[in-house]
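Worksheet for the structure shown next.
Start at 1 with the first residue, then count along the sequence.
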Amino acid sequence: MRRSSRCGLAALALFAVLVSPHAGADVVLSSEKLNAALKQMQRLQVDRRSTAETAAADTVFALGEEARALAELMSREVAAHGRQQQPLLDLALGRASALGVDIAWSADHERYFYDGDAYRRYLEVAPEGPHAEASMFRILWNDFYHAAADDHAVLVAQAAYKEEFLRRFPGSKNAAEAGLFLAIDYRDLWRDCVDGKSQACDGRYAALAREQFQRVATEHGGTDQAKIASRLLRRFDAEAATR
């Protein structure tokens with residue numbers, strides 16, 4: 001599977017915030033922080049079952065945010081101190097699982113991921129709700145990093161999801177990142193078409209990839225995503241010229 005490009009992108013720009021310059025000297029994950037996070041998730045699970053549907057949807061979203069924050073905290077701990085706190089990390093995984101929250105380690109990305117189930121449940125209940133934009137982005141972000149770059153059907157579905165997100169929320173603060181992910185989807189679909197010698201789709205996805213990389217670079221100038229898009233566009237053109 002051609003997954004290295006997506007792992008490389010994460011390492012290049014999007015996970016850089018996990019560790020501060022002085023993180024090695026800081027306590028990232030402590031028993032107190034873990035207990036506070038778990039108690040909050042437990043409270044939200046109870047509130048979700050005992051409140052009206054609209055309020056319950058908001059509670060489900062809040063649960064997702066707590067779970068995502070815990071996964072980020074655990075990732076920062078490993079980035080800063082390696083596996084020194086392994087018993088605490090294992091405790092976090094076990095306690096979260098008991099609450100119905102699935103957090104898992106990704107060796108490919110060297111970080112923990114929350115599976116995003118709460119965001120999917122929120123959209124089922126409140127597809128037009130105030131947290132729909134954030135929920136959709138959390139899902140597409142998570143799915144992007146877990147997709148194999150040569151699974152054509154999955155990439156088509158994920159590209160369509162990103163297209164829907166950008167249509168619904170063109171002014172989103174996450175539009176640059178979603179747009180960059182979409183361009184990479186198109187590029188990987190083009191690669192899959194070329195590898196499969198399918199001229200029926202390679203030209204279409206080549207054009208879409210170029211257009212989308214350029215759109216991100218132009219519309220979001222000055223951002224990290226725009227810089228990455230420009231660099232990936234140059235690499236794409238160089239690769240296309242040899243295939």
Could you grab the distance from atom [atom1] of [X] to atom [atom2] of [Y], nearest 0.5 Å is fine?
| X | Y | atom1 | atom2 | answer |
| --- | --- | --- | --- | --- |
| K162 | D185 | NZ | CG | 3.5 Å |
| Q158 | E163 | CD | CD | 12.0 Å |
| Y145 | L140 | OH | CG | 10.5 Å |
| N174 | L180 | CG | CG | 12.5 Å |
| D90 | R95 | CG | CZ | 13.5 Å |
| E66 | Y114 | CD | OH | 11.0 Å |

Is the distance between the ring centroids of F181 and Y186 less than 6.0 Å?
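Not close enough - the centres of the two rings lie 6.0 Å or further apart.
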
Under 6.0 Å between the ring centres of W105 and F113?
no

Between [X] and [Y], is any pair of side-chain heavy atoms under 4.5 Å apart?
| X | Y | value |
| --- | --- | --- |
| L88 | M74 | no |
| E177 | F137 | yes |
| I184 | F144 | yes |
| L123 | M136 | yes |
| L89 | Q86 | yes |
| L63 | R121 | yes |
| F213 | T218 | no |
| I139 | D143 | yes |

Partners of [X] by ring pair (Phe, Tyr, Trp, His ring centres under 6.0 Å), sequence neighbours excluded?
| X | result |
| --- | --- |
| H220 | none |
| F61 | Y119, Y122, H131 |
| Y161 | none |

Going by the salt bridge (charged side-chain N to carboxylate O under 4.0 Å, His left out) test, name the single residue among R187, R231, R210 that passes it with D237.
R210

Please list all pairs meeting disulfide (SG to SG under 2.5 Å) that have one or both residues in [range], counting only residues at least two apart or in different chains.
| range | answer |
| --- | --- |
| residues 95-140 | none |
| residues 134-204 | C193-C201 |
| residues 88-145 | none |

Between I228 and Q225, is the side chain to side chain contact (heavy atoms under 4.5 Å, CB included) condition met? List the steps.
CA-CA 5 Å; I228 294 170; Q225 290 81 7; 5.7 Å; no

Assess the residue pair E239 and R243 against the criterion (salt bridge (charged side-chain N to carboxylate O under 4.0 Å, His left out)); give the C-alpha distance rounded to whole Å, side-chain angles, the decisive distance to 0.1 Å, and a yes or no.
CA-CA 7 Å; E239 180 182 352; R243 300 186 69 169; 2.8 Å; yes

Side-chain atoms of residues 96-104: list all donor-acceptor pairs with protein atoms under 3.5 Å, sequence neighbours left out, distances to 0.1 Å.
none

Counterpart residues, side-chain hydrogen bond (donor to acceptor under 3.5 Å, both in side chains), relative to [X] (two or more places apart):
| X | value |
| --- | --- |
| R204 | none |
| T223 | none |
| Q212 | R215 |
| E219 | none |

Closest heavy-atom pair and its distance - [X], [Y]:
| X | Y | result |
| --- | --- | --- |
| D202 | W190 | O-CD1, 3.0 Å |
| L155 | A149 | CD1-O, 3.4 Å |
| Q214 | L233 | OE1-CD2, 3.4 Å |
| V60 | A118 | CG1-O, 3.0 Å |
| A183 | A209 | O-CB, 4.2 Å |

Before giving the answer on salt bridge (charged side-chain N to carboxylate O under 4.0 Å, His left out), spell out for D115 and R120 the whole-Å C-alpha distance, their side-chain angles and the decisive distance to 0.1 Å.
CA-CA 10 Å; D115 72 350; R120 292 179 171 85; 6.0 Å; no

Could you walk me through whether E77 and L73 pass the side chain to side chain contact (heavy atoms under 4.5 Å, CB included) test, one step at a time?
CA-CA 6 Å; E77 170 59 39; L73 182 67; over 6 Å; no

For the residue pair H81 and Q85, confirm or rule out a side-chain donor-acceptor distance under 3.5 Å.
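Their side chains do not contain a donor-acceptor pair, so the 3.5 Å distance test is not met.
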
If you group Ile, Leu, Val, Met, Phe, Trp and Tyr by side-chain heavy-atom gaps below 4.5 Å, do L208 and L189 land in one group?
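Shared cluster, yes.
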
Name every donor-acceptor pair, under 3.5 Å, that has one atom in a side chain of residues 164-171 and the other anywhere in the protein, sequence neighbours excluded.
from : atom 1 : to   : atom 2 : distance (Å)
R168 : NH2    : P127 : O      : 3.0
R168 : NH2    : E128 : OE1    : 3.3

Would you check if the side chain of S75 reaches a backbone N or O of Y112 as a donor-acceptor pair within less than 3.5 Å?
yes

